[in-house]
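Notes follow once the structure below has been shown.
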Amino acid sequence: MNRSTFARALMACSAGALLLAQPASAREQLTGEQQLTKMLGNRVAGKPVSCINLMDATNTTIIDKTAIVYSAGAGVYYVNRPQWPDQLNDDDILVTKTWGSQLCRLDIVQLHDRSGGFWRGTVGLNDFVPYRLPPKEKTPKQG
């Protein structure tokens with residue numbers, strides 16, 4: 001292999017390595033709505049409710065500038081699109097002061113920065129929309 005062929009091969013490998021090393025932030029980012037749609041999958045929206053039981057909310061996910069999703073087991077997600085959703089950041093910690101066993105519409109959620117722990121803002125909760133998996137279709141038994 002002569003020098004110019006080697007130099008071209010080296011440049012091609014370097015260019016390929018740069019493409020592979022592209023940071024995640026430079027790749028296509030999903031919008032909050034796209035993230036929510038992906039998370040909900042084929043779940044179907046139900047009738048909104050004013051409150052959910054805290055004991056049922058096993059996991060909470062913040063969707064940037066969009067919603068807070070509370071997992072309630074059995075594949076049910078409660079989506080809350082709060083007032084001032086532009087405050088939501090998926091790296092924040094939610095601090096909610098409740099007066100009973102339920103989380104309700106009009107409750108205020110404080111947002112705290114995960115790295116420094118300082119207060120970043122608040123959002124006011126709205127109704128919770130339950131999303132459930134559709135019932136499985138029964139297949140007829142073959143005799």
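Please read these numbers as outputs of a predicted model, since none were measured by experiment.
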In chain order, what residues pass the salt bridge (charged side-chain N to carboxylate O under 4.0 Å, His left out) check against [X], with sequence neighbours excluded?
| X | value |
| --- | --- |
| Arg132 | none |
| Asp92 | Arg120 |
| Asp91 | Arg114 |

Could you check whether any side-chain heavy atom of [X] comes within less than 4.5 Å of a side-chain heavy atom of [Y], counting everything from C-beta outward?
| X | Y | answer |
| --- | --- | --- |
| Ile62 | Leu94 | yes |
| Pro85 | Thr66 | no |
| Thr96 | Leu103 | yes |
| Asn89 | Leu111 | no |

Is Leu106 isolated, or which residues cluster with it under the ILVMFWY side-chain rule of less than 4.5 Å, directly or via members? none
How is the hydrophobic cluster of Tyr77 composed, in terms of its other members, when Ile, Leu, Val, Met, Phe, Trp and Tyr link through side-chain heavy atoms under 4.5 Å apart, directly or indirectly? Leu36, Met39, Leu40, Ile63, Val69, Val79, Val129, Tyr131
Is it true that a side-chain atom of Gln35 and a backbone atom of Leu30 form a donor plus acceptor pair closer than 3.5 Å? yes
Trp119 side chain to Gly121 backbone, donor-acceptor under 3.5 Å: yes
Quick one: side chain to side chain donor-acceptor pair (under 3.5 Å) pairs with a partner in residues 100-112, sequence neighbours left out? Asn53-Gln102, Gln110-His112
Enumerate the residue pairs fulfilling salt bridge (charged side-chain N to carboxylate O under 4.0 Å, His left out) with a member in residues 46-65, sequence neighbours excluded, ordered by first and then second residue. none
For residues 35-45, which residue pairs qualify under salt bridge (charged side-chain N to carboxylate O under 4.0 Å, His left out), counting only residues two or more places apart or in two chains? none
Tell me every residue that passes side-chain contact (heavy atoms from CB on, under 4.5 Å) with [X], counting only those two or more places apart in sequence or in another chain.
| X | answer |
| --- | --- |
| Pro135 | none |
| Ser50 | Asp127 |
| Asn80 | Tyr70, Pro82, Leu125, Asn126, Phe128 |

Show the nearest heavy-atom pair for residues Thr122 and Trp84, with the distance to one decimal. O-CE3, 3.8 Å
Identify the two heavy atoms, one from Gly100 and one from Leu54, that lie closest to each other, and give their separation to 0.1 Å. O-CD1, 4.0 Å
If you look only at pairs with a residue in residues 32-108, which of them pass as a disulfide bond (SG atoms under 2.5 Å apart), with sequence neighbours excluded? Cys51-Cys104
